[in-house]
Amino acid sequence: MLKFFTRIRILLWILALAGVGFLVSTQVRAKLAQAAANLRSLETQTVTVYPVETENVTTSDWNTWRSYYGQAKSAHTQNITTFEREIVKTVTVDVGSPVKAGQTVITLQAAARGAQVQSGKTAYDEAKLNYERLRQLNKKGGISQSEVDAAYSRLKSAEASLRSSQSTLQRTSLKASINGIVAARKVEPGEVAEAGAVLLSIVDPKEMEAELMVSKKDITKITTKTPVEIYVDGVKHIGRVKRISPEAQTGSGLYPVVVGLPENSGILPGTYVEGRFMVSSQKNVVVIPSNVVLYRGTTQSVYIAENDTAKIRTITTGEGREGRVVVTSGLKPGENLITSGNRVLYDGANIINQRDLAGTTNNNNSNEG
């Protein structure tokens, strides 16, 4: 009897172990089935597509402009001076006064010079009378011809002295030689005008020019035919190169270039101006937005769209400005440059143009309506 119950317990243990094994096997098969289903789901999952924007690569002209600075001045100026030290009698104009050519602007004391003219006139009249008297005596044989010749020389000397004193008297009235306005007044009535000192400055504002200081690297690129733009307070004026100095200024090493300004431009003398010279011009070069260029160390690259795939392209760039840069190698006209969305791309990434994506969305909305 004992052996019978022992066999029963063993059988029950075998049945229990078989049940546990069956349960474990069922759970393992379920896990494997779930894993296989997940794998199939991953295999059938949609590949990531990156939306981008593109721009067709084209060529254009590229002009290089260089800015230099200077001051505007009148092309025609006159500095009023006196030849001799004299007291100023009157000054008839002030700073900003308009003047015309031939107009008297300053008068000097003329008393001493008037006396010189009167003395010279007296000496001339006496020499003339003496010459006529001796000439008549010579005709009668009273004196020799040499005495007449000597009297004639004295007459000419007196005449020259008179003309010199008359010219000196005329210089007491200082006149403007150009039409313009008074830019500076440096003397007042009663003051002493020193010989050669500037008393008044007159400028002609109708014809203005600017002297710009240009560096050595660009001076050889500038000629009288070089286009130049003049900017004053953001306003552009078209200028023209008039003169180019072949010698640099001492100290600065810069070369003066004089640029003529348009007539009646309104630019006043002394105004600081910016001059932009077109120092080079390139035809039919590839120009792209500078913000699409990717930098990895010293390598520059961009992404090109090829059959809905992004392809990385190594390029070389040149000059750039205002958000555009010249591509000297690596791109050809007609290629599709990716200009937006390129920061998350990799070589071979699947892409879709946002214009195409927008078109698909619009079509779906129309179908739903």
Side-chain angles (χ1 to χ4, degrees), residues 48-70 212-223 226-239 254 257 259 272-359:
T48 302
V49 178
Y50 297 91
V52 299
E53 292 182 1
T54 62
E55 174 183 297
N56 189 256
V57 177
T58 60
T59 61
S60 62
D61 296 342
W62 181 265
N63 298 324
T64 301
W65 296 79
R66 207 89 72 201
S67 291
Y68 292 99
Y69 301 86
L212 306 175
M213 308 308 295
V214 177
S215 69
K216 180 181 179 180
K217 70 175 182 179
D218 287 327
I219 192 65
T220 57
K221 304 173 186 176
I222 297 175
T223 69
T226 298
V228 56
E229 299 172 348
I230 298 295
Y231 288 84
V232 178
D233 297 329
V235 179
K236 181 175 75 173
H237 306 270
I238 302 301
L254 300 176
V257 176
V259 175
Y272 285 94
V273 302
E274 175 189 0
R276 298 182 184 176
F277 296 91
M278 192 175 76
V279 295
S280 69
S281 179
Q282 303 176 65
K283 303 294 183 182
N284 300 321
V285 295
V286 173
V287 182
I288 64 173
S290 57
N291 61 355
V292 305
V293 181
L294 304 174
Y295 296 87
R296 293 179 175 88
T298 58
T299 302
Q300 298 173 307
S301 60
V302 294
Y303 280 103
I304 299 297
E306 292 183 359
N307 299 324
D308 298 330
T309 302
K311 297 292 184 180
I312 197 166
R313 182 74 60 78
T314 300
I315 63 171
T316 304
T317 61
E319 292 186 345
R321 68 169 181 273
E322 298 176 355
R324 307 285 288 180
V325 65
V326 174
V327 177
T328 57
S329 67
L331 281 181
K332 296 182 296 183
E335 294 185 301
N336 288 321
L337 174 69
I338 298 177
T339 58
S340 178
N342 59 330
R343 300 291 173 178
V344 297
L345 296 179
Y346 55 90
D347 192 30
N350 293 292
I351 58 174
I352 183 171
N353 197 305
Q354 287 188 345
R355 290 191 298 269
D356 298 337
L357 186 61

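Numbers here are sequence positions counted from 1. Note: hydrogens, waters and symmetry copies are ignored here, and every other heavy atom, side chains too, is used.
- Environment of OH in Tyr272: sparse, with no more than 12 heavy atoms of neighbouring residues, nucleotides or ligands closer than 6.0 Å.
- Side-chain contact annotation: Thr339 with Glu55, donor-acceptor N/O pair under 3.5 Å absent.
- Applying the salt bridge (charged side-chain N to carboxylate O under 4.0 Å, His left out) test to Asp233 and every residue at least two apart in sequence or in another chain returns nothing.
- Val293 and Ile288 make their closest contact through CG2-CD1, 4.1 Å (heavy atoms, listed as atom of the first residue, atom of the second, distance).
- In this structure, Glu229 CD and Trp65 CH2 are separated by 4.0 Å, a value rounded to the nearest 0.5 Å.
- Between Lys221 and Phe277, every side-chain heavy-atom pair lies at or beyond the 4.5 Å cut-off.
- Between Leu212 and Ile230 the shortest side-chain heavy-atom distance falls below 4.5 Å.
- How far CD1 of Ile304 is from CG of Asp347: 11.5 Å, rounded to the nearest 0.5 Å.
- A salt bridge does not link Glu335 to Lys311: none of the charged side-chain nitrogens sits closer than 4.0 Å to a carboxylate oxygen.
- Evaluation of the salt bridge (charged side-chain N to carboxylate O under 4.0 Å, His left out) rule for Arg276 yields Glu274 as partners, not counting sequence neighbours.
- Within the 3.5 Å criterion, the main-chain N or O of Thr316 finds a donor-acceptor partner in the side chain of Thr328.
- A search for salt bridge (charged side-chain N to carboxylate O under 4.0 Å, His left out) contacts involving Glu53 returns nothing, not counting sequence neighbours.
- The structure places OG1 of Thr299 at 11.5 Å from CG of Leu294, a figure rounded to the nearest 0.5 Å.
- Once rounded to the nearest 0.5 Å, the distance linking CD of Gln354 with OG1 of Thr54 reads 10.0 Å.
- Scanning all heavy atoms of the two residues, the minimum distance from Val325 to Gly318 falls at CG2-O, 3.9 Å.
- The two residues Asn63 and Ser281 come nearest to each other via the heavy atoms OD1-OG, 2.7 Å.
- Thr64 and Arg66 make their closest contact through CG2-NH1, 3.9 Å (heavy atoms, listed as atom of the first residue, atom of the second, distance).
- Between Ser215 and Leu254, the shortest heavy-atom contact is CA-CD2, 3.8 Å.
- With Asn350 contributing its side chain and Thr309 its backbone, the two residues share no donor-acceptor pair below 3.5 Å.
- One finds the OG1 atom of Thr317 at 13.5 Å from the CZ atom of Arg324 (value rounded to the nearest 0.5 Å).
- The line from CG of Leu337 to CG of Leu331 is 6.5 Å long, rounded to the nearest 0.5 Å.
- Within the 4.5 Å cutoff, the side chain of Asn342 has no heavy atoms near those of the Val302 side chain.
- Contact annotation: the side chain of Leu345 never approaches that of Ile312 to less than 4.5 Å [non-hydrogen atoms, C-beta and beyond].
- Between Lys283 and Thr59, every side-chain heavy-atom pair lies at or beyond the 4.5 Å cut-off.
- Using cut-offs of 30° and 60° for the angle between ring planes, the Tyr346 and Tyr50 rings count as perpendicular.
- Considering every non-hydrogen atom in both Lys216 and Ile219, the closest pair reads O-CG2, 3.4 Å.
- In this structure, the side chains of Tyr68 and Val257 stay at 4.5 Å or more apart for every pair of heavy atoms.
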